[in-house]
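Data first, discussion second: the structure below is written as structure tokens.
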Amino acid sequence: MRNFDTHKWVSRAKSAFYYLTSKGKAGWNWYKHLYQRSPWYKKTLIVVLTFIASFIIYLGMVDVNFLWLFGKSPGLSSIHNPDQPIASEIYSEDGKLIGKFFRENRSPVKYEEISPVLIKTLISTEDERFYEHFGVDLQGVFSAVKDMAGGKARGASTITQQLVKNMFKVRSQYSTGMLGFIPGVKLIIMKSKEWITAVKIEMFYSKEEILTMYLNTVDFGSNAYGIKTACKTYFHTTPKDITYEQAATLVGLLKATTTYNPKLNPKNSLKRRNVVLENLWSHRVITKAQFDSLKQIPMQLNFNVESNYDGEGLYFREAVAESLQSWCQENNIDLYADGLKIYTTIDTRMQKYAEEAVDKQMRVVQRNFNNHWGRENPWRDRTGQEIPHFIEDLAKRTAAYKQLELKFPDQPDSITYYLNKPHRLKVFDYDKGARDTTISTMDSIRYMERFMHAGFVAMEPQTGHVKAWVGDISFSSWKYDKVLSKRQPGSTFKLFVYAAAMNKGMAPCDERVDQYIAWDVLEKGEWKKWIPRNANGEFTGDTLSLKAAFARSINTVAVQIAKEVGIHSVAEVAKAMGIKTPLEETPALSLGASDVSLLELVNAYGTVINDGMEQDPVLVTRIEDRNGHVLYKHTPKTVQGVPYETAFLMTEMLKAGLTEPMGTSQALWAFNLFNSNTEFGGKTGTSSNHSDAWFVGVTPKLVGGAWVGGEHRSIHFRTGELGQGSRTALPIFGYFMEKVLKDPGMSRYREKFPQPKQKIDRSYQCRSVYHRADTDSIDMLNIDSLELNNEEINITEEVTVN
């Protein structure tokens, strides 16, 4: 409410009063003389006309907020451009609605999309003289006054007046001025504003437009705003296909959305529905036979309340919302109310394949994890000892603990008692999704922490379009997105080490020896030696080509290369190829000890396949407003991350993971991928203690990456046989690509890597000779791990509680 200077306001009021008194004195004398000399019937007419004129003047004063007495009313601009919250809709690249962003779930429809059945039901029930009045039904007003005098109070609001209340909320959003503080006057002022605004609406809109606006704005309860959402929520139908009994149910509950809600109060709703049907018969909309038949139909609901978390690609949609935050702020746009049409890059078929691949593989991983640990607790420190108070520390972060702490301050025993007291709770279950059980808060934490987690994302390297995005095994149980979380990439980071080497002029067929190597490192002012080892702890002494060393993921060779080109050069190449996370430029960076996200890692691999051209991942291609006007359109922006020759040579290195003897990606041969004229490459990775398992697979038209691990780094497998990226993460990519290549509608992804576009002078077509003895010295399943000699220098620390 506006702040007024009381003395100034009183002074102005007195001045206006004196002015009107002096100017109106002559007119008043004439009026008085006319009234006194007139016969009774003329006196009556004069009183009626005087009342009407006074009322019109009063309404004009209310509309202009005369002397700030009545408060502001909706203006012509608001009436021409009503501001109504509308849900924003998210569409996939293949044209499907995958979800919404909203606070009020409302999606407008056009008049042509509304069945005449619904229109007739609404008018017959709510406003039978709708086509005859001009926004205010005077006959209805007089009837209401008459009934009120007889002790039968009833409403007289027209559909147009109800629209005013729904759309402009004159009873809450607009003040009632200084007079609104007088008891009883506030209601009169609000009603006056409804009448005035209703008349204005009738002046500017047709009856069909008014009906459409009303049905699009009215609240039908159960978080269903507007007729389109209501039809879907209660009957899973549309306004075009609604039946008489369904229309009667929805129109009937408008009288009281809780009392007559067919889900909450089915008996009341059925009675109200039949009253509305009888009303249709009395207004000759339906026949007596139709009425008798319709009222016998039992209440048949297909009830489903839509939420922000309905639909597909939940993790992806959350990422879309996050990516649009700054754009919305810059353009003064409300993502949850402005009715945007957001067109994304996701493909619903590929999303389905990705979710199925994650689910299929993670069931296997979880079974292995459960069998591996048995009844032992898996949260362990670097020495393999169980971390004390691990669950208790996690419990202190929960909402339940914080509530108990407020309720029982300085009473730890009471908090412990209630945390260990069983109660009804839903926990994740692979077969049921969410299993309702009786369990204590502490036991539920122990139960949920034993699950292994995963993330998967697939992108087109040429466009940067994200085609599939799975943030974890269950969105309802774990909102934290593993595609965006930061973890140690292990040997997948070697892509940047060898790319830096190619930038410096090295070639895939250059050779290095798998041997002991030490690196002097300055730590806390003291020089120490850092000695990396291969995952099996051995140095073979073999001379290997860089291609073979990369394919086999030999740590000692990667470190030699990093030392030659410089750690800073490696970090700069990673940044140029798409790694956005700041990197710790220590020697351990060469083995992937610095955290990155799965999304940026997959995008960086896409830079290699895209001839060295780097671009940011694309989630949204176009945004339209509620009227179809384009507000945003993605403009591709690419930069040369690495030279074309480097990209070509690194593609050959990635292909070697499948073709070189003992290549860490050879497990892909077990999948049905090679009957579709498509070539593959890839790289596995595993961080210390098998906490993070990775695989990034590449084809000429699609790049996909998977991560598998515990919610916390201290929860993991104890052996490489179970915890390596080739065992846990690689199958997700394999299962996904099987379905993509099998789908006839995705034939564009079937392709072989192209021949070089320019002359390549460096040698890259060498291939190692297979020696059976190699399998005795190197375990194929245990050669892609980030292993550090922590006795010499502690480069990385185990994080026990994230």
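Everything numeric here is computed off the predicted structure, so don't read it as measured data.
Between Asp310 and Ser307, the shortest heavy-atom distance links the atoms OD2-N, 2.8 Å. Residues Thr249 and Ser269 come closest through the heavy atom pair CG2-OG, 3.7 Å. Closest of all the heavy-atom pairs between Leu215 and Ile119 is CD1-CD1, 4.0 Å. A pairwise comparison of heavy atoms in Phe291 and Asn274 identifies CE1-O, 3.7 Å as the closest pair. The two residues Thr345 and Val466 come nearest to each other via the heavy atoms OG1-O, 2.6 Å. Residues Ile114 and Lys110 share a closest heavy-atom pair of CG1-O, 3.5 Å.
Judged by the 6.0 Å distance and 45° axis criteria, Lys479 is positioned over the aromatic ring of Phe475. For the pair Arg103 and Tyr336, the cation does not sit on the ring face, since its NZ or CZ is not both under 6.0 Å from the ring centre and inside 45° of the axis.
In this structure, Ser222 and Phe303 have side chains that are in contact, with non-hydrogen atoms separated by less than 4.5 Å. Considering only heavy atoms from C-beta on, Leu484 comes within 4.5 Å of Trp469 through its side chain. Counting only heavy atoms from C-beta outward, the side chains of Val117 and Thr243 never approach each other to under 4.5 Å. Side-chain contact between Glu278 and Trp281: present, with at least one pair of heavy atoms (C-beta onward) separated by less than 4.5 Å. Thr160 has its side chain out of reach of Tyr205: every pair of non-hydrogen atoms, C-beta onward, lies at least 4.5 Å apart. Ile201 is listed as a side-chain neighbour of Val164, based on a closest heavy-atom distance under 4.5 Å. Contact of the Ile346 side chain with the Val320 side chain is not registered, since no non-hydrogen atoms from C-beta on lie closer than 4.5 Å. Val136 places none of its side-chain heavy atoms less than 4.5 Å from the side chain of Thr158.
Between the side chains of Tyr214 and Asp127, not a single donor N or O lies within less than 3.5 Å of an accepting N or O. Side chains of Gln329 and Gln325: no donor on one and acceptor on the other come within 3.5 Å.
Going from atom CG of Asn268 over to atom CG of Asn261 covers 10.0 Å, rounded to the nearest 0.5 Å. The CG atom of Asn302 sits 11.0 Å away from the NZ atom of Lys232 when rounded to the nearest 0.5 Å. Atoms OG and CZ, on Ser92 and Arg349 in that order, are 9.0 Å from each other to the nearest 0.5 Å. Once rounded to the nearest 0.5 Å, the distance linking OG1 of Thr121 with CD1 of Ile242 reads 8.0 Å. Atom OG of residue Ser107 and atom CG of residue Leu97 lie 8.0 Å apart, to the nearest 0.5 angstrom. One distance of note links NZ of Lys267 with NZ of Lys271; it measures 8.0 Å at 0.5 Å rounding.
Checking side-chain atoms of Asn265 against main-chain N and O of Thr258 turns up a donor-acceptor pair under 3.5 Å. Between the side chain of Lys165 and the backbone N or O of Ser157, no donor-acceptor pair lies under 3.5 Å. Side chain of Ser88 to backbone of Leu340: a donor-acceptor contact under 3.5 angstrom is found. A donor-acceptor pair under 3.5 Å is formed between the side chain of Gln290 and the backbone N or O of Thr287. Proximity of a side-chain donor or acceptor of Glu89 to a complementary backbone N or O of Ile342 within less than 3.5 Å is not detected. A distance-only check finds no donor-acceptor pair linking the side chain of Gln296 to the backbone of Ser293 [under 3.5 Å]. Checking side-chain atoms of Asp481 against main-chain N and O of Val483 turns up a donor-acceptor pair under 3.5 Å. In this structure, Ser124 contributes its side chain and Lys120 its backbone to a donor-acceptor pair below 3.5 Å.
In this structure His133 satisfies the ring pair (Phe, Tyr, Trp, His ring centres under 6.0 Å) test together with Phe130, sequence neighbours excluded. Annotation: salt bridge (charged side-chain N to carboxylate O under 4.0 Å, His left out) contacts of Glu202 (sequence neighbours excluded): Lys207. For Phe102, there are no ring pair (Phe, Tyr, Trp, His ring centres under 6.0 Å) partners two or more places apart in sequence or in a different chain.
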So Asp94 and Thr348, side-chain hydrogen bond (donor to acceptor under 3.5 Å, both in side chains) or not? Walk me through it.
CA-CA 7 Å; Asp94 51 327; Thr348 57; 2.4 Å; yes
Verify side-chain hydrogen bond (donor to acceptor under 3.5 Å, both in side chains) between His629 and Glu624, making sure each step is shown before the conclusion.
CA-CA 5 Å; His629 300 133; Glu624 296 176 358; over 6 Å; no
Please step through salt bridge (Lys or Arg N to Asp or Glu O under 4.0 Å) for the pair Glu104 and Arg106, ending with a clear verdict.
CA-CA 6 Å; Glu104 292 183 2; Arg106 178 184 289 106; 2.9 Å; yes
Leu324 vs Ile623, test: side-chain contact (heavy atoms from CB on, under 4.5 Å). Steps then yes/no.
CA-CA 10 Å; Leu324 292 177; Ile623 301 176; 3.8 Å; yes
Report the C-alpha distance between Lys255 and Arg272 in whole Å, list the side-chain angles of each, state the deciding distance to 0.1 Å, and finish with yes or no for side-chain contact (heavy atoms from CB on, under 4.5 Å).
CA-CA 9 Å; Lys255 185 176 181 181; Arg272 176 63 179 163; 3.7 Å; yes
Take Leu211 and Leu122 through the test side-chain contact (heavy atoms from CB on, under 4.5 Å) and record every step on the way to the result.
CA-CA 9 Å; Leu211 287 169; Leu122 176 65; 4.0 Å; yes
With salt bridge (Lys or Arg N to Asp or Glu O under 4.0 Å) as the criterion, how do Glu93 and Lys467 come out once you've worked through the C-alpha distance, each side chain's angles and the decisive distance to 0.1 Å?
CA-CA 9 Å; Glu93 188 187 51; Lys467 311 308 296 180; 2.3 Å; yes
With side-chain contact (heavy atoms from CB on, under 4.5 Å) as the test, would you mind laying out the steps for Ile98 and Arg317 before giving the verdict?
CA-CA 9 Å; Ile98 61 173; Arg317 282 158 41 191; 4.2 Å; yes
Give the C-alpha distance, both sets of side-chain angles, the deciding distance and a yes or no for salt bridge (Lys or Arg N to Asp or Glu O under 4.0 Å) between Glu245 and Arg273.
CA-CA 7 Å; Glu245 69 274 13; Arg273 183 202 71 175; over 6 Å; no
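Counting heavy atoms of neighbouring residues, nucleotides and ligands inside a 6.0 Å radius, atom CG of Asn627 exceeds 12 of them. Heavy-atom contacts from other residues, nucleotides or ligands closer than 6.0 Å to NZ of Lys341 number more than 12. Within a 6.0 Å sphere centred on NZ of Lys295, heavy atoms belonging to other residues, nucleotides or ligands number more than 12. For His283, the NE2 atom sits in a packed shell: over 12 heavy atoms of surrounding residues, nucleotides or ligands are nearer than 6.0 Å.
In summary, Asp137 and Arg129 engage in a salt bridge, as defined by a charged side-chain N under 4.0 Å from a carboxylate O.
Using cut-offs of 30° and 60° on the angle between ring planes, the pair Tyr343 and Tyr91 is parallel. Under the 30°/60° scheme for interplanar angles, the aromatic rings of Tyr632 and Trp327 are found to stand perpendicular.
Residues Phe220 and Tyr225 keep their aromatic ring centres 6.0 Å or farther apart.
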